[in-house]
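A note on names: the letters A, B, ... follow the listed sequences, proteins ahead of strands, and every chain is numbered from 1. These numbers come from the heavy atoms of this one structure, side chains and all, not from hydrogens, waters or symmetry mates.
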Number of protein chains: 2
Amino acid sequence: MTCPQLEELDLLHSHICQAMGDPKRILILYALHEQPRHVTALADDLGLPQPTVSRHLRILRQRALVTTQRDGPAVVYRLVDDRMIHVLDEMRQVLRDVMARQSEILS
Amino acid sequence: MTCPQLEELDLLHSHICQAMGDPKRILILYALHEQPRHVTALADDLGLPQPTVSRHLRILRQRALVTTQRDGPAVVYRLVDDRMIHVLDEMRQVLRDVMARQSEILS
DNA sequence: TTGATGTATTCGGATAGGCGAATACATGAA
DNA sequence: TTCATGTATTCGCCTATCCGAATACATCAA
């Protein structure tokens, strides 16, 4: 890499964005913000297959966005930091504003 | 898609995250926040090849994160909305906090 | 129209990411 | 230990992403 500014923190930063760069993972994050949940509960609530949810959760855990806690044979997933939801909300709001401005221009 | 909650806005939302999910694009966004720039200036300042920067800029433009303005044969790129930088900063801060908490636990 | 400058695209190859289906693994109760 | 429940992983396949290198395209001045 010839770009000296690409340091470790930048990589981690982009990893976090990447982790949120899948619509199903965004749904999972919002669902866990609403309430920590077992994998199966999450799968049922979102209408997704359990292995799919489990795979996405692994990614979110590797990126330190969610954490786990055993509950008998089940595993409870919860957000590590609720501020990430705030970040997502802000992003969503900016997106909405930009879209609104664009449709103003087009009309 | 069997998941009814996966609507258009969710897709756009994840597209934005995805757009920021590359370290070079994060650098580009911060550089443009500092100052709008030509493609070549951006490439020089970041130490990246011009075609690479151009390709990344196209992605950022398609996702409505940056906008363009001709300046003779050159093209000036600028951020559509500076709040996206604020979002990135917040994300970075949360990341830092989480990392700090983890190293506390490990020590 | 030609040349200089600046920008965008194409091509090919390598890598990563996503999914369904099947299956392996872990935990606790009986 | 055995079973039931819940979770994680593997496999094969397909698609998406990224890059370097080369090249095409756009704009303006002369």
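Taking atom NE2 on B/His15 and atom C1' on D/dA16, their separation rounds to 12 Å, with Å as the unit. Remark: P of D/dC19 and CG of B/Leu57 are 12 Å apart, rounded to the nearest angstrom. Atom pair A/Asp71:CG and D/dT5:P shows a separation of 16 Å (rounding to whole Å applied). The separation between B/His38 atom NE2 and C/dA4 atom P is 21 Å, rounded to whole Å. Rounded to whole Å, the distance from CD on B/Gln69 to C1' on C/dG6 is 16 Å. The nearest whole Å value for the distance from the CZ atom in B/Arg58 to the C1' atom in C/dT7 is 12 Å.
Once rounded to the nearest 0.5 Å, the distance linking CD1 of B/Ile16 with CG of A/Leu88 reads 12.0 Å. Between the SG atom of B/Cys17 and the CE atom of B/Met91 there is a distance of 6.5 Å, given to the nearest 0.5 Å. From B/Leu48, atom CG reaches atom CZ of B/Arg55 across 11.0 Å, with rounding to the nearest 0.5 Å. Rounded to the nearest 0.5 angstrom, A/Lys24 NZ and B/Asp10 CG are separated by 12.0 Å.
Between C/dT7, D/dT9, D/dG20, one nucleotide has an atom nearer to the side chain of A/Ser54 than all others, and that is D/dT9. Considering only side-chain atoms of B/Asp22, the nucleotide from D/dC18, C/dT27, C/dG18 that sits closest is D/dC18. Between C/dG17, C/dT9, D/dT9, one nucleotide has an atom nearer to the side chain of A/Arg63 than all others, and that is C/dG17.
Position along DNA chain C of the nearest nucleotide to A/Gly21 versus A/Pro73 favours A/Gly21 as the more 5'-ward residue. Each of A/Arg70 and A/Arg55 has a nearest nucleotide on DNA chain D; the 5'-most of these lies closest to A/Arg70.
The side chain of B/Gln18 places no N or O atom within less than 4.0 Å of a non-bridging phosphate oxygen (OP1 or OP2) of C/dG17. Between D/dG20 and B/Thr52, a contact under 4.0 Å exists linking OP1 or OP2 to a side-chain N or O. Residue B/Gln50 places no side-chain N or O under 4.0 Å from the OP1 or OP2 atom of C/dT5. The side chain of A/Thr40 places an N or O atom within less than 4.0 Å of a non-bridging phosphate oxygen (OP1 or OP2) of D/dT7. Phosphate contact (OP1/OP2 of D/dA8, side-chain N/O of A/Tyr77, threshold under 4.0 Å): present. Between B/His56 and D/dC19 there is a side-chain N or O to OP1 or OP2 distance below 4.0 Å. Distances shorter than 4.0 Å separate none of the side-chain N or O atoms of A/Lys24 from OP1 or OP2 on C/dG18.
Side-chain contact annotation: A/Gln93 with A/Asp97, donor-acceptor N/O pair under 3.5 Å present.
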